[in-house]
2 protein chains.
Amino acid sequence: MNHLRRIVQALELYSKEVEANFGLTGPQLWALWELGQGGPMALKELAARMHLHPSTVVGVVDRLSAKNLVVRAEDPLDRRRVRVSLTAKGKTTLRKAPHPAQGRLVHGLRSMSSRQLSSLHRSLGRLVQIMEADDLEARFFFSPE
Amino acid sequence: MNHLRRIVQALELYSKEVEANFGLTGPQLWALWELGQGGPMALKELAARMHLHPSTVVGVVDRLSAKNLVVRAEDPLDRRRVRVSLTAKGKTTLRKAPHPAQGRLVHGLRSMSSRQLSSLHRSLGRLVQIMEADDLEARFFFSPE
DNA sequence: GCAGATTGATTGGCATGCCAATTAAAAGGA
DNA sequence: TCCTTTTAATTGGCATGCCAATCAATCTGC
């Protein structure tokens, strides 16, 4: 538990550091990266790819848009949707940016043996599986819709 | 990376759930628990035990104090310090509260073999070690005071 | 075709978390 | 002793993240 908290904290510190030296926070970089991978997409899809709540992503897109790295456009086929896409500046920035996979963590992982690594990956994957199953149960228990 | 994010997210969801059903968020419960373990202590010490920034803990203590679960008192020996301590209500609440070690995670961990568990613990511990070492280096590199 | 349900984005409210700056108190040095 | 530095707590500003509520657009059933 404590280790997890420390890792998360180290990730957040890294995000601050990137922000101070590059002008973009971790989540902002991450969103930019997803847009680079998947091309222009609806805000809802971006949120889904990031496993975040849409209302969270609205704020991130707002800030990226204020920096002229992305633009919102109307989707002609479904006017409820907002197509978020990279600007030219966004693409350039993305090319120069550090990979959003959080440098320090990557460094830490690289220094582990591949056997250790795959064991860690398996264990974490299993944890996620169990915790998300629990979550579904809990949701069902509290509000069965 | 993705697994870590999901685990953290599951923890936050659990915190929301506890809040909805118990009236206290994860960090609030955590602070209460530390006070239960260590007795009355300075805000700074509480922050150190939680590995959080003092300014963060000010807010948590504010909210706990608004709920009459803790009180701030002046330290007669050092008037800069604020002694935070549990109220009677705080102690009662703490006895009834779920353990702050995040139920779903515990459940997930319990279902793993002890061999898997200790391997996971070792791996995470190693990651923390490496990431925190990196952090020191980075701080030194960016601002060598 | 039209009323009612659903869906996508947004807003407002709130809790965490950080940092930088401020204030008050204590410690240290000349 | 007095002045400077350090230390503890707080404040204000900001970014994430959630949820609940709202608004507009789309879809469905009758």
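The figures here come from the full heavy-atom set of this structure, side chains too, leaving out hydrogens, waters and symmetry mates. By convention in this document, chain letters (A, B, ...) are assigned in the order of the sequence lines, proteins followed by strands, and residues within each chain are numbered from 1.
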Task: Whichever of A/Arg63 and A/Arg79 has its nearest DNA chain D nucleotide further upstream toward 5' - done: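 Comparing both residues, the 5'-ward one is A/Arg63.
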Task: Nearest-nucleotide comparison on DNA chain D, the residue closer to the 5′ end among A/Asp75 and A/Val57 - done: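 Final value for this comparison: A/Val57.
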- [ ] Output all residues satisfying side-chain hydrogen bond (donor to acceptor under 3.5 Å, both in side chains) with A/Arg83, sequence neighbours left out; order by chain, then residue number.
- [x]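 Scan of A/Arg83 (side-chain hydrogen bond (donor to acceptor under 3.5 Å, both in side chains), adjacent residues dropped) gives none.
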Gap between atoms [atom1] and [atom2], on [X] and [N] respectively (whole Å):
| X | N | atom1 | atom2 | value |
| --- | --- | --- | --- | --- |
| B/Asp78 | C/dA25 | CG | C1' | 7 Å |
| A/Glu74 | D/dA24 | CD | C1' | 11 Å |
| B/Leu52 | D/dT10 | CG | C1' | 16 Å |
| A/Leu43 | C/dA9 | CG | P | 5 Å |
| A/Asp62 | C/dT10 | CG | P | 7 Å |
| B/Met50 | C/dG17 | CE | C1' | 11 Å |
| A/Leu64 | D/dA15 | CG | P | 11 Å |
| A/His51 | D/dT16 | NE2 | P | 18 Å |

Open item on the list: Can you give me the closest heavy-atom contact between B/Leu64 and B/Ala31, atom names plus distance?
Closed with: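 The pair with the smallest heavy-atom distance is CD1-CB, 4.0 Å.
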- [ ] Would you mind listing every side-chain hydrogen bond (donor to acceptor under 3.5 Å, both in side chains) that reaches into residues 67-76 of chain B, with sequence neighbours excluded?
- [x]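 Sorted pair list: B/Gln28-B/Lys67, B/Asp62-B/Arg72.
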- [ ] Not counting sequence neighbours, list each pair that qualifies as a side-chain hydrogen bond (donor to acceptor under 3.5 Å, both in side chains) and has a residue in residues 85-94 of chain B.
- [x]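 Qualifying pairs, neighbours excluded: none.
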Task: OP1 or OP2 of D/dC18 under 4.0 Å from side-chain N/O of A/Thr56 - done: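 Affirmative; the distance criterion is met.
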Task: side chain to side chain contact (heavy atoms under 4.5 Å, CB included) assessment of B/Leu32 paired with B/Leu24 - done: CA-CA 10 Å; B/Leu32 223 56; B/Leu24 290 178; 3.9 Å; yes
Task: Set of residues satisfying salt bridge (charged side-chain N to carboxylate O under 4.0 Å, His left out) with respect to B/Arg79, sequence neighbours excluded - done: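 Checked B/Arg79 against salt bridge (charged side-chain N to carboxylate O under 4.0 Å, His left out); zero matches.
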- [ ] Just jot down the salt bridge (charged side-chain N to carboxylate O under 4.0 Å, His left out) partners of B/Arg80, sequence neighbours excluded, or say none.
- [x]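 Once residues adjacent in sequence are excluded, the partners of B/Arg80 under the salt bridge (charged side-chain N to carboxylate O under 4.0 Å, His left out) criterion are B/Asp78.
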Heavy atoms from C-beta onward define the side chain here; which of [options] lies closest to that of [X]?
| X | options | answer |
| --- | --- | --- |
| A/Pro27 | D/dT26, D/dG17, C/dT16 | D/dG17 |
| A/His53 | C/dC19, D/dC18, C/dA9 | D/dC18 |
| B/Ser55 | D/dT10, D/dC18, C/dC19 | C/dC19 |
| A/Thr25 | D/dA25, C/dT10, D/dA15 | D/dA15 |

- [ ] Scan B/Arg72 against the nucleic acid and name what it touches under 4.0 Å (heavy atoms): base, sugar-phosphate only, or nothing.
- [x]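 B/Arg72: backbone/sugar contact only, no base atoms under 4.0 Å.
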Report each atom pair, protein N/O against N/O of nucleotides 5-7 of chain D, whose distance is under 3.5 angstrom.
| residue | atom | partner | partner atom | Å |
| --- | --- | --- | --- | --- |
| D/dT7 | O2 | B/Arg80 | NH1 | 3.0 |

